[in-house]
Amino acid sequence: MSYNELNTRIMKRVYTIHALRRLASPFGLRFWLFLISVSPVFAFVSIRQVMANLPPITDSGALYSFGESALLNTELAVQVGVLVIGLILVFTLRDL
């Protein structure tokens, strides 16, 4: 085995271990958990329709009312998904 082949094999292993450590870090695990939590919510929610019905951003009262009615008048799976997503974001932002 030549020097270049050996060097290539070793560096592939080093890069693999480095990538796995980054993916298994606390932030990486929260990121993957966030992605796994978001995908079922998108199965139930039409983002296009939500954006079409969204009131102007400058009207905070209407935004609160819209968010409250949208969350309370939806299926339990979406409510739990939004709660899990919110908790993941809070814990992730807390650690930054």
From [atom1] ([X]) to [atom2] ([Y]), nearest 0.5 Å:
| X | Y | atom1 | atom2 | value |
| --- | --- | --- | --- | --- |
| Asn53 | Arg48 | CG | CZ | 13.0 Å |
| Leu6 | Ser2 | CG | OG | 8.0 Å |
| Ile10 | Glu5 | CD1 | CD | 12.0 Å |
| Leu63 | Leu54 | CG | CG | 5.5 Å |
| Leu35 | Phe31 | CG | CZ | 4.0 Å |
| Phe34 | Phe27 | CZ | CZ | 10.0 Å |

Atom CE of Met51: over 12 foreign heavy atoms under 6.0 Å
no

Counting heavy atoms not belonging to Ile57, are there more than 12 under 6.0 Å from its CD1?
no

Donor-acceptor contact below 3.5 Å, side chain [X] vs main chain [Y]:
| X | Y | result |
| --- | --- | --- |
| Thr74 | Leu71 | no |
| Asn7 | Tyr3 | no |
| Ser37 | Leu33 | yes |

Are [X] and [Y] grouped together when hydrophobic residues (ILVMFWY) are joined by side-chain heavy atoms under 4.5 angstrom apart?
| X | Y | answer |
| --- | --- | --- |
| Trp32 | Leu87 | no |
| Ile47 | Val84 | yes |
| Ile85 | Leu76 | yes |
| Val45 | Val80 | yes |
| Leu20 | Leu29 | no |

Which pair of heavy atoms, one from Arg30 and one from Ile88, lies closest together, and at what distance?
O-CG2, 3.7 Å

Please name the pair of heavy atoms, one in Phe44 and one in Val78, separated by the smallest distance, quoted to 0.1 Å.
CB-CG2, 3.3 Å

